[in-house]
Number of protein chains: 2
Amino acid sequence: MIEIENITIGSVLKRLRLSMKFSQEELAARSSLDRTYISMLERNIKQPTITTVFLLANALNMKPSEFVQQLEEDFDGHIIKRTKV
Amino acid sequence: MIEIENITIGSVLKRLRLSMKFSQEELAARSSLDRTYISMLERNIKQPTITTVFLLANALNMKPSEFVQQLEEDFDGHIIKRTKV
DNA sequence: GTAGTCTACATACTATAGTCTACAAAATGG
DNA sequence: CCATTTTGTAGACTATAGTATGTAGACTAC
């Protein structure tokens with residue numbers, strides 16, 4: 001069981017984007033998000049809110065739950081570690 | 001087609017929490033989130049990040065994608081409206 | 001009535017989501 | 001190779017995610 005701090009969507013997002021043959025610019029336009037933010041998401045610099053997940057999934061012509069399913073598969077066997085100070 | 005600004009998880013979250021017979025305190029403990037934040041999520045004062053969605057779903061003994069599916073059903077026929085200034 | 005449980009709400013804080021501009025570096029296609 | 005396109009990155013900004021404490025109201029059980 002691998003401990004992680006956050007769910008990171010970078011690899012899933014990039015894979016799906018490329019499978020649609022979209023540039024980041026194209027995906028940004030389709031999702032009404034900022035192009036540089038797409039870049040940051042793909043590099044796991046930032047994580048999206050639920051609304052952003054919906055926007056991205058819609059832009060990728062898939063259901064948000066399908067997008068999340070992809071994440072589940074990537075993070076199977078991982079546990080999110082929450083630290084208490 | 002109804003325009004919305006954000007995906008709000010309040011009604012889904014509360015329904016699922018009650019179906020598990022958890023108090024907000026219980027759900028907070030199981031998800032390692034703050035109790036008052038759970039309250040705010042249920043009242044749609046705040047929206048969660050993807051990591052928080054995973055934490056909540058796990059605490060509710062369901063897959064994150066199932067949780068998101070519930071949201072999809074609630075928001076079927078809605079479109080997220082993004083305003084450009 | 002009283003104590004305990006549950007939740008809403010206010011307030012304040014830290015960390016970060018998301019936007020935007022500018023520029024540099026990398027990739028691509030002819 | 002060169003021009004164009006694409007992506008990474010820095011920096012600054014506004015809005016908000018998430019935490020935490022305290023108070024108050026509602027409800028239930030004894």
Side-chain angles (χ1 to χ4, degrees), chain A residues 3-60 64 67-68 71 75 79-85, chain B residues 3-60 64 67-68 71 75 79-85:
Chain A
E3 292 185 351
I4 54 172
E5 281 187 29
N6 286 302
I7 294 294
T8 51
I9 75 165
S11 55
V12 165
L13 182 59
K14 184 162 187 176
R15 188 176 77 231
L16 292 171
R17 173 174 67 83
L18 293 179
S19 76
M20 299 294 296
K21 298 188 166 44
F22 291 160
S23 64
Q24 289 181 347
E25 195 83 56
E26 174 78 34
L27 181 60
R30 295 176 62 96
S31 58
S32 302
L33 291 165
D34 196 75
R35 198 277 303 166
T36 59
Y37 181 60
I38 299 289
S39 175
M40 285 188 269
L41 287 174
E42 288 191 356
R43 288 172 291 135
N44 297 320
I45 292 175
K46 302 226 186 237
Q47 72 170 316
T49 60
I50 189 64
T51 298
T52 301
V53 168
F54 268 64
L55 287 169
L56 290 169
N58 292 340
L60 291 163
F67 185 92
V68 173
L71 295 175
F75 287 96
I79 186 171
I80 307 173
K81 171 75 177 186
R82 302 279 286 176
T83 56
K84 290 282 174 83
V85 290
Chain B
E3 293 186 350
I4 55 172
E5 280 188 29
N6 286 302
I7 294 293
T8 50
I9 76 166
S11 55
V12 165
L13 181 60
K14 183 162 186 176
R15 189 177 76 232
L16 293 171
R17 173 175 66 85
L18 293 180
S19 76
M20 299 293 295
K21 296 187 168 47
F22 290 159
S23 64
Q24 290 181 347
E25 195 84 55
E26 175 77 34
L27 181 60
R30 294 177 63 97
S31 56
S32 302
L33 291 165
D34 194 75
R35 203 278 303 163
T36 59
Y37 181 58
I38 299 288
S39 174
M40 285 188 271
L41 288 174
E42 288 192 356
R43 287 172 291 138
N44 296 320
I45 291 175
K46 300 222 187 242
Q47 72 170 315
T49 59
I50 189 65
T51 298
T52 300
V53 168
F54 268 64
L55 287 170
L56 290 170
N58 292 339
L60 291 164
F67 186 91
V68 172
L71 294 175
F75 287 95
I79 187 171
I80 308 174
K81 171 74 178 188
R82 303 278 287 177
T83 55
K84 290 284 176 78
V85 290

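Letters go in sequence order (proteins before strands), and every chain restarts at 1. For clarity, every value in this text was computed on a predicted model and none was experimentally measured.
A:Glu42 has a carboxylate O that lies under 4.0 Å from a charged side-chain N of A:Arg17, or vice versa, which qualifies the two as a salt bridge.
At least one side-chain nitrogen or oxygen of A:Arg82 sits closer than 4.0 Å to the OP1 or OP2 atom of D:dT19. Within the 4.0 Å cut-off from OP1 or OP2 of D:dT9, at least one side-chain nitrogen or oxygen of A:Arg43 is found.
Within the 4.5 Å cutoff, no side-chain heavy atoms of B:Phe75 are placed close to those of B:Ile80.
Whole-Å rounding puts the B:Glu26 CD to C:dT5 P distance at 13 Å. Put simply, CD1 on A:Ile7 is 14 Å from P on C:dA17, counting in whole angstrom units. If you take CZ of B:Arg17 and C1' of C:dA8, they are 12 Å apart, rounded to a whole angstrom. Between the CG atom of B:Leu27 and the P atom of C:dC6 there is a distance of 13 Å, rounded to whole Å. Separating the CZ atom of B:Phe22 from the P atom of C:dT5 is a distance of 18 Å, rounded to the nearest angstrom. In this structure, the CD1 atom of B:Ile38 is 11 Å from the P atom of C:dA8, given to the nearest Å. A:Leu41 places its CG atom 9 Å from the C1' atom of C:dA17, with the value rounded to the nearest Å. Atom CG of B:Leu33 is separated from atom P of D:dA20 by 10 Å (rounded to the nearest Å).
Surrounding CD1 of A:Ile4 are more than 12 heavy atoms belonging to other residues, nucleotides or ligands, all under 6.0 Å away.
Closest approach of A:Phe22 and A:Ala59 over heavy atoms only: CE1-O, 3.4 Å.
Residue A:Ser39 forms a side chain to side chain contact (heavy atoms under 4.5 Å, CB included) with just one option from A:Glu25, A:Lys46, A:Gln24, and that option is A:Gln24.
Considering only the side chain of B:Lys14, C:dA8 comes nearest among D:dT19, C:dA8, C:dT19. Out of D:dG8, C:dA8, C:dT19, the shortest distance to the side chain of A:Ser39 is found at D:dG8.
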Could you go through the side-chain contact (heavy atoms from CB on, under 4.5 Å) check for B:Thr8 and A:Thr51 one step at a time? CA-CA 8 Å; B:Thr8 50; A:Thr51 298; over 6 Å; no
Let me see the working for B:Leu55 and A:Arg82 under side-chain contact (heavy atoms from CB on, under 4.5 Å), right down to the final yes or no. CA-CA 10 Å; B:Leu55 287 170; A:Arg82 302 279 286 176; 3.7 Å; yes
Can you check side-chain contact (heavy atoms from CB on, under 4.5 Å) on B:Ile50 and A:Thr52, steps first, answer last? CA-CA 9 Å; B:Ile50 189 65; A:Thr52 301; over 6 Å; no
Where protein sits on nucleotides 21-30 of chain C, one letter per nucleotide: B base, S sugar-phosphate only, - none, heavy atoms under 4.0 Å: BB--------
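A donor-acceptor pair under 3.5 Å is absent between the side-chain atoms of A:Arg35 and the main chain of A:Ala28, judged by distance alone.
For DNA chain C, none of the residues of residues 45-53 of chain B falls under the heavy-atom distance limit of 4.0 Å.
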